[in-house]
Each structure stands twice: as structure tokens, then as C-alpha cells.
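Everything on this sheet refers to the single structure shown next.
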Amino acid sequence: MTLEQKAAQLVQIPYAQIGREKSEEWARRGVGSFLHVFGEDAKHLQKIAIESGAKIPLLFGIDAVHGHCLNRKATIFPTQLSMACAFDPELIKRVAQAAAKEISADGLHQTFSPVLCLGRDIRWGRVDETFGEDPYLAGILGAAMVEGYQGEDNAADTSVIACAKHYIGYGEATGARDSYDTSITYRKIKDTFLPPFEKAVKAGCASVMTAYGSIDGTPCTADKKLLKEILKEQLGFDGFVVTDWQNVSHLIGEQCVAENAKEASRLALESGNDMMMNAPEFYVAIIDLVRSGEADEKLLDEAVERILTVKMRFGLFDNPFRQADEKYLGCEEHLELNKEIARESTVLLKNDGILPLTGKNKILVVGPSADDIRCNYGDWTYFSHPLPDYDTQPVRPYVTLLEGVQELAKKHDCSVQYVKGCEINGEIAGGIKQAVKAAKKADVIVFACGDNILLAAEGCDRADVRLPKPQRELFTALCNTGKSIVTALICTKPLCIPEIDEHSAAVLTNFNSGMFGGRALAEAIFGEINPSGKLPISFPYHVGQQPCYYNQLPGWHCRSYVDMPETSLYSFGHGLSYTSFAYSDILFDEKTLTLKVSVKNTGKREGAETVQVYFRDLASSVMTPVKRLIAFRKVQLKAGDSQELTFTFTRDDFSFVNANEERVTEPGEFELMVGGSSADSDLIKKKFTIGMAPKSWTDQ
């Protein structure tokens, strides 16, 4: 390959940004990849590429974050945060397999998913894209998604390249400000933020995306230790690293660590990036740098080798026009899977006994989220990317909460009235008065509230994460009627809603739950399903509690703010059921590191419980969290039935990263905690001891 051809392989061009004619020029030049190009346009560019220059096939990437959602014919699945409520890696793997088939049906090869950032501060606008706050859960679900996308045969027509992002610590930025600096240490990175990426790498993830932000003043795109030493050398990542959107130019204009395109391009290449997203300036700059001797061509060769290896691994050289059958787009099988994940992700947060609704009821459905499918879809869809497009109408099939309640009300001999009341963040003339008038005639109110992508998305960080004022005023007016309120939270992420919890008879959520999340909520309200979802993220009482993730470090002198409870409003792992479960007979074998525990359905209805296992290292050389999730398993139990579960661990499962940035398991006393959530009140406990590690055979 010529120097120019090698340089071109390292560039990824956004088709929609530059148009067809300029894209053709890049294809002839031998560019490595395009993003956001579909169908016949992709085929056209591929034909040009394989007939020009080095005849290397193009790689086509797409932001298919929760399904192939930029194609209006495709299945729009729940967001990652919503799917995480299912605590079901096999189900999420099936979702990724379905998404891969639909992405492949458009002739595309790479999805920029899964997101392995942690959502530990709900002010951040991209919390919805994460699997929540816990590194273990994010890693298990992320690895499952990687396996689903890439399939057993990477070269199959229905497999796509997964891209684990954003590497690393992106959601931990100061003040939860998107793409801003974070002051975490490398020890903290390795202990908390690296494990999900490590699991993705072990699952064979073929690409990793660098984050916009910076670690202690060093942009992730320019951090050689992060990219080369930790990711490629220590983790053994053998795929290619792609920058996020315009990360090379961000080194100049936003982060100010480079004076010009040449300096930024050299820095990006030397730091370990292999493909530069939307960085056409890199092409000219790196050629000049190599020719002048200011950049080592061997680094260029290494990056090209990684890119070409992945292209070969996924069959692009053998079949550059590989494409799955278009029948997969929005097919019935995927729609049914979508319904399943929406049901499994529905979380019952509170219930004073009002749910499920029984008998004849006059139901008032009220609130701005009740009949707006955009609220269910969240971001990264055909009418929300990159900005909300209110001229594009949503495509059926889908079911809003109102439609779901109306459908099931007929079956349960109930009547339904609907009043919007207010907008998400705006008033409607006479809307609240109309809602109150209707509420006085109702037996029960279903209040649908939340946010939308104008309040929470990339670039939409919020300092105030309460319900917007119009919705709070509407809720207060409804409370004053004295009628029972069932609140359905249709939101991108947790909100600060203590008043909702206090004055609602029941509260449910499934976040941004896709095409059929509204029906899943309605099914839960009427008892058609027994909710089994669990929260992958904590709900704070107040924004000033941030961060309030469950796996805090010990040592806070007062343990809580003087004006706030010590605990969160709803804890990580929390989720109620229409039955109840009891835990007993906890046993732990210190020799085999095997845990046994019994779980019994003590209620009158069949249900599913996600058994969660946490541990704490009671004394260690650096401070470690008060509890960490170490295992979970969902069990289905009939009323009165019990089951003994067995979990087997290794010493490494009880490890942490010490002050020398080494992962170790120190001997000493530990505590296991088992139960239905991370809250202490939901856990039974067992102390145990881990001794010195046995000598290896080479020491004997």
C-alpha cells in the first residue's frame, strides 16, 4: 500500500455531512470507513472502493444504540438503561442479535454500541445510554450485547462489529458536564471503570471508541497510557480504536492541547487511535508528517493492520457486499422480542396495594407522557438524531401508555378518559383545570410524567433534575382532589421525585422503553404481567445528594446530609412484585468459595425475583466500597415454592486495585450480602475469611 492509501484507511467519513459527490472522491482515495450511509448508497460507494487503488473494502458504521433506530422501518428497542432493568444478559444478547440482523439488512457493518460508561450522576444527559451505575452489571450486560452483535461467526451476513464506548470515565466528568474533564486516578479507572471494557474485550469486541473527555487534563484521545498500555497491552485488545466524532479537531479547538491539525493528528496516532471519526484533516496532516519524518510510518502500519484484520475477520474481503435479508427489518419475531424486553424491564417502585387494578374503575389518564411515543423512544432514533425532528411522524407499530390502558380497560370492564394537562416543560391553557375537573369524576388517576430528549440527551445536561415545574403543578392539583394516583414514570433516567413517591399510591417505570413500553406499563397496572424489573441505578431524593450510587466508599463523618436521608429514594436493585420473596439458609464454603441460599415465594402469585449477591472487604490496603455486586440470577417461582441457589466464586471475584494499580485479593475477613436489592434492609449477611493465596506449582 502507498502512504496515501494507508493514511486513508485511518479516516472515517460522515456521508450525510459531505454528500454523495465528495463521498465518491473519498471512496476512490481508499478511505477506511463511512458512517451514516444506508442501502444503495452504501453499495455504490463499496463498488467504487473495491475497483479503485488498493481495492480494500469499505467499512460502514452506524449509531444503532438500541436497535437500528435511524431506519424508520426497524425495530426500536428500549434504551440500555431500560433494558438493564431486566437483569437478564441472555435476553439482552437476543436483542443485540436482532439488532445486528436489522443493521446488516441495510448492508452496514459496525454499530457504535454498547455504551459501557457508568451512570453515576443523573445530571449527565447521556445516563439513558448506559446500563446504569454498577460496573459488574454493565460488564455482564455489555459482554452479552457484544456476543449478540458479533455472533458465533463474525463473517456471517447477520453479524456486525460491536464498538464498546466511551473509553473511559466519560460519565464521571466534573459536574456531570458532557465531555468535560474528570479528575479520577488511574487506580480508580482500573478498579471501577475499566472492568466493563475488560469483559467486552474478553467477549471479542472488535472496536473501542475513545471518549470526548479528559482524565486529569489529558484528553482520552491523547492518552497513550489509556490506549496503548492499558487497553492494547494489558487487556490484550486486538481490534481497532476509533475516536468519537471530531475528537482529533477537539484537541485543537475545545481541549487546547494542540496548536494545529498536524500536531493533533500526530498526537492522536502516537497515543494509539487507529481510526479517526470525521477527521478529514488527519489524512493530509499525517501524510505530511510521515514524509517530513515527524511521524513514524510504523505507527501508521500498525493502525492499518488492526483495521484490515477486523475487516478480514468480519468477511469484508471475501464478501464486500455482504447483506442480510431485508425481511429482518421490523419483522414480527423482533417485535415480539421487543414486547418481551419491555415487560421484563418494567419496575414497580411503590405499591400500597392499589395495583393491580381490579373491578370496574373510572380511570383518568393524565400527563404529557401518556400519548407521546417520543417519550418512550428516547434518543438516537430517526426523529431524534442528531436533534429532535418534529416534522417526522413516528411510524407504527407502537403502543403508548394511553393506548395500552384503553385497550386493556375494555377487557377489565373499565372506562377511560384522557386529559393531557400540560406539556413536558410547558403549560397548556386551562390544562390543569380540565384535568382536575376530570379527576373529580374518576376512581383512579394514572399520571404519566417524565422528561424528553430536550431535557436529557447528548449535550443536554441538567442542574435541576426534578420533574419540570408544569408537571409538578399538575401533580399537586391532582393530589388535592383526594383521588388515588398511580404514577407512570416515562423518563430517560432517574429524576428527583420524593413528592411523587409520598403522594402516589403506586409508582412504576421502564424508562425509555421502546415501541411497546406503554403497553407493558398498562399490562402491569392491570395485572396482566407481574412486574419483575429491578433498578440498575439509584433514585436520589434531591440533586444535592449526587452522586448517590450504592457502592460508595466508607468514611463519611456524618454519613448523610443534615437535611437529607442517608439512603436513596429507590436503591440500586430495587423492584417490587405482586408477590413477595423471603431469603434464608445462607451458607458459604470458604474452601470452595461456594455460596448457597434459599429463596421462597411467600405470596399468593407466581413471580420472578432477581437474587443479588454483594460483598464487602472488611479491611483492605486501600478503601473499598461498602458493597459491590458480585453475582445475580433471576428465578421464577410459583406461589409457596422455594429454590436453593448456588453461586461459585474465585479469589479474583473479591479483588480490588491497590495503590500500585495492581488487581489483588488480600487475605482477611469479608462479608457476603444476599437479597432483593442493594438496600441493607433487603439483605441477609454472612461473614467469611479468605486466607493467603496457595503457592503456585512453580514455587513448590
Side-chain angles (χ1 to χ4, degrees), residues 79-89 91-92 114-122 124 126-146 164-166 168-172 176 184 188-200 203 345 347 493-494 509 511 533-540 545-554 567-575 610-617 624-634 647 649 652-657 663 672-680 682-683:
T79 59
Q80 278 192 198
L81 188 66
S82 179
M83 288 193 288
C85 296
F87 273 70
D88 191 333
L91 183 55
I92 286 178
V115 175
L116 299 183
C117 308
L118 301 182
R120 307 206 312 170
D121 190 326
I122 65 170
W124 186 38
R126 303 188 74 170
V127 169
D128 65 300
E129 297 182 53
T130 76
F131 285 123
E133 69 188 42
D134 182 71
Y136 178 80
L137 179 64
I140 294 294
L141 300 184
M145 189 164 265
V146 168
K165 66 180 190 182
H166 306 82
I168 197 168
Y170 182 31
E172 203 71 4
I184 55 177
K188 187 75 168 183
I189 287 171
K190 290 183 177 181
D191 194 53
T192 303
F193 302 101
L194 189 63
F197 287 91
E198 184 172 10
K199 287 183 173 64
S345 302
V347 187
K493 58 187 178 182
T509 192
F511 297 106
K534 298 283 188 175
L535 287 179
I537 190 168
S538 304
F539 275 65
Q545 262 187 309
Q546 288 292 283
C548 75
Y549 45 84
Y550 83 92
N551 47 353
Q552 299 276 335
L553 292 177
T567 59
S568 54
L569 177 63
Y570 304 125
S571 302
F572 174 88
H574 171 72
T610 297
V611 178
Q612 301 159 49
V613 183
Y614 301 86
F615 85 96
R616 180 177 184 181
D617 190 337
T624 56
V626 295
K627 56 174 73 81
R628 291 190 185 191
L629 184 68
I630 192 175
F632 61 88
R633 190 176 305 161
K634 183 176 283 190
F647 300 88
F649 304 106
D652 289 343
D653 291 324
F654 302 99
S655 65
F656 65 92
V657 176
R663 181 161 288 280
L672 278 172
M673 296 159 270
V674 187
S677 87
S678 65
D680 283 336
D682 288 336
L683 297 168

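Side chains included, hydrogens not; waters and symmetry mates left out as well; all remaining heavy atoms used. Predicted, not measured: the structure shown is a model, and the values here were computed from it.
At least one side-chain heavy atom of W124 sits under 4.5 Å from a side-chain heavy atom of C117. Under the 4.5 Å side-chain criterion, counting only non-hydrogen atoms from C-beta, K199 is not in contact with V146. With a 4.5 Å cut-off on side-chain heavy atoms, F511 and L535 count as touching. Contact annotation: the side chain of D653 never approaches that of F615 to less than 4.5 Å [non-hydrogen atoms, C-beta and beyond]. Put simply, the side chain of S678 does not reach to within 4.5 Å of the side chain of Y549, judged on heavy atoms.
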Counting only pairs under 3.5 Å, give me each side-chain donor-acceptor contact of residues 79-87, with atom names and distances, residues two or more places apart or in other chains.
| unit_1 | atom_1 | unit_2 | atom_2 | d |
| --- | --- | --- | --- | --- |
| T79 | OG1 | N512 | O | 3.4 |
| Q80 | OE1 | V115 | N | 2.9 |
| Q80 | NE2 | V115 | O | 2.9 |
| Q80 | NE2 | E129 | O | 2.8 |
| S82 | OG | N510 | O | 2.7 |

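A donor atom on one side chain and an acceptor atom on the other are found under 3.5 Å apart for S538 and E133.
By the 4.0 Å N-to-carboxylate-O rule, R628 lies too far from D617 to be salt-bridged with it.
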For this session: Check the pair K534 / F632 against side-chain contact (heavy atoms from CB on, under 4.5 Å), numbers first and verdict last.
Result: CA-CA 11 Å; K534 298 283 188 175; F632 61 88; over 6 Å; no

Exercise. Are Q545 and L569 close enough, and set up right, to give a side-chain contact (heavy atoms from CB on, under 4.5 Å), and what steps lead you there?
Worked result: CA-CA 11 Å; Q545 262 187 309; L569 177 63; over 6 Å; no

For this session: Give the C-alpha distance, both sets of side-chain angles, the deciding distance and a yes or no for side-chain contact (heavy atoms from CB on, under 4.5 Å) between K188 and E172.
Result: CA-CA 11 Å; K188 187 75 168 183; E172 203 71 4; 5.6 Å; no

Exercise. Checking side-chain contact (heavy atoms from CB on, under 4.5 Å) for the pair Y570/V347: CA distance, chi angles, key distance, verdict?
Worked result: CA-CA 11 Å; Y570 304 125; V347 187; over 6 Å; no

Problem set entry | Evaluation steps, ring pair (Phe, Tyr, Trp, His ring centres under 6.0 Å), between Y614 and Y550 | CA-CA 11 Å; Y614 301 86; Y550 83 92; 5.5 Å; yes

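With sequence neighbours excluded, the residues that form a side chain to side chain donor-acceptor pair (under 3.5 Å) with R663 are S655. Under the side-chain contact (heavy atoms from CB on, under 4.5 Å) criterion, V611 pairs with Y583, V599, E609, V635, L645, F647, V674, not counting sequence neighbours.
The structure places CD1 of I92 at 4.0 Å from CG of L141, a figure rounded to the nearest 0.5 Å. In this structure, NZ on K627 lies 10.0 Å from CD on Q552, to the nearest 0.5 angstrom. Rounded to the nearest 0.5 Å, atoms NZ (K634) and OG1 (T610) are 4.5 Å apart. Taken from CE in M145 to CZ in F131, the straight-line distance is 4.5 Å, to the nearest 0.5 Å. A distance of 6.5 Å separates OH of Y136 from CG of L629, quoted to the nearest 0.5 Å. Of the inter-residue distances, the one linking Q612 atom CD with D134 atom CG reads 9.5 Å to the nearest 0.5 angstrom.
Heavy atoms only, all atoms of each residue included: L116 and A200 are closest at CD1-CB, 3.7 Å. Contact detail for N551 and P135: the closest heavy-atom pair is ND2-CD, 3.8 Å. In this structure, F654 and I630 approach most closely via the heavy-atom pair CE2-CD1, 3.5 Å. Residues I122 and P540 approach most closely at CD1-CG, 3.6 Å, considering heavy atoms. Contact between P625 and L553 at its shortest, heavy atoms only, is N-CD2, 3.7 Å. Between F193 and R120, the closest heavy-atom pair is CZ-NH2, 3.7 Å.
Here the side chain of D191 pairs a donor or acceptor atom with the backbone of V657 at under 3.5 angstrom.
The one candidate from T192, T130, I537 that meets the side chain to side chain contact (heavy atoms under 4.5 Å, CB included) condition with L118 is T192.
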